[in-house]
Amino acid sequence: MKYWLMKNEPEDYSIDDLKNDKTEPWDGIRNYQVRNMIRDDMKKGDHAFFYHSNCETPGIYGLMEICKESYPDHTAFNKKAKHYDKKSNPEAPTWLMVDVKFKRKLKKVISLTELKSHKKLSNMKVVQRGNRLSITEVSKQDWLYILSLEK
DNA sequence: GCCAACGTTGGC
DNA sequence: GCCAACGTTGGC
């Protein structure tokens, strides 16, 4: 079982949207590193943090679970979709997505500022300068440590 | 809204 | 295959 941190802009889709929808395809991944990760390493039942990026308080807002392993991201073929990719061929899809299931919101938001203030978490990708991957793996140790900050 | 960091594109 | 130009991400 692995643990992940998945970023999204709340303006686009937030933890509250996921709470309403229960499950949702995590589409729009257009980065090869991230695609390879979800294709090769992400399994049904893995746990993930829902991270809000590009907003007033970037940070971890909730917990979710991977409920469907990677499959073609059809939004890549939709000219009207935000992340349409004209080079992607439906016969051999370049881009993949997984489905996520809402678990719960955190009792309190663990902001990026707070994450950065903990030396123990300095190995996390999300606190490192210049990190632009929208999905990163979180160690079990860090996962548990972050959950302990919720209290 | 600015801009640093980094990925991608494409000319050569 | 190099690398400059360009686009995107995302914190601030």
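So that the names make sense, note that chain A is the first sequence line, chain B the second, and so on, each numbered from 1.
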message: Looking only at the aromatic ring of each residue, does the gap between the centers of W95(A) and Y32(A) stay below 6.0 angstrom?
response: yes
query: Between L133(A) and N54(A), which has a closest nucleotide on DNA chain B that is more 5'?
result: N54(A)
- prompt: For the residue pair Y145(A) and H118(A), does the interplanar ring angle fall in the parallel (under 30°), tilted (30 to 60°) or perpendicular (over 60°) class?
  reply: perpendicular
- prompt: Does Y51(A) put a side-chain nitrogen or oxygen below 4.0 Å from OP1 or OP2 of dT9(C)?
  reply: no
- prompt: Between dG10(C) atom C1' and I60(A) atom CD1, what is the distance in whole Å?
  reply: 16 Å
- prompt: Can R35(A) and D73(A) be counted as an ion pair, charged N to O under 4.0 angstrom?
  reply: no
Side chain R30(A) and base dT8(C) donor-acceptor under 3.5 Å: no
query: CD of E11(A) versus P of dT9(C): gap in Å, rounded?
result: 15 Å
query: What integer distance in Å separates Y32(A):OH from dG7(C):P?
result: 18 Å
Nearest-angstrom distance from the residue atom CG of N131(A) to C1' of dG10(C): 10 Å
statement: On DNA chain C, more 5' by nearest nucleotide between H83(A) and K116(A) is H83(A)
query: Which nucleotide in the list dA4(B), dG10(C), dG7(B) gets nearest to the side chain of R129(A)?
result: dA4(B)
query: Could you state the NE2-C1' distance from H52(A) to dT9(C), rounded to the nearest angstrom?
result: 17 Å
query: How many Å lie between NZ on K7(A) and C1' on dT8(C), as a whole number?
result: 12 Å
Length of the line joining E9(A):CD and dC12(C):C1', which is rounded to integer Å: 15 Å
query: What integer distance in Å separates D85(A):CG from dT8(B):P?
result: 12 Å
- request: Using a cut-off of 6.0 Å, state whether more than 12 heavy atoms not belonging to K120(A) lie near its atom NZ.
  value: no
- prompt: Any idea how Y13(A) and F50(A) line up, ring-wise: parallel (<30°), tilted (30 to 60°), or perpendicular (>60°)?
  reply: parallel
- prompt: Which of the following nucleotides, dG10(C), dG7(B), dA4(B), is nearest to the side chain of Q33(A)?
  reply: dG7(B)
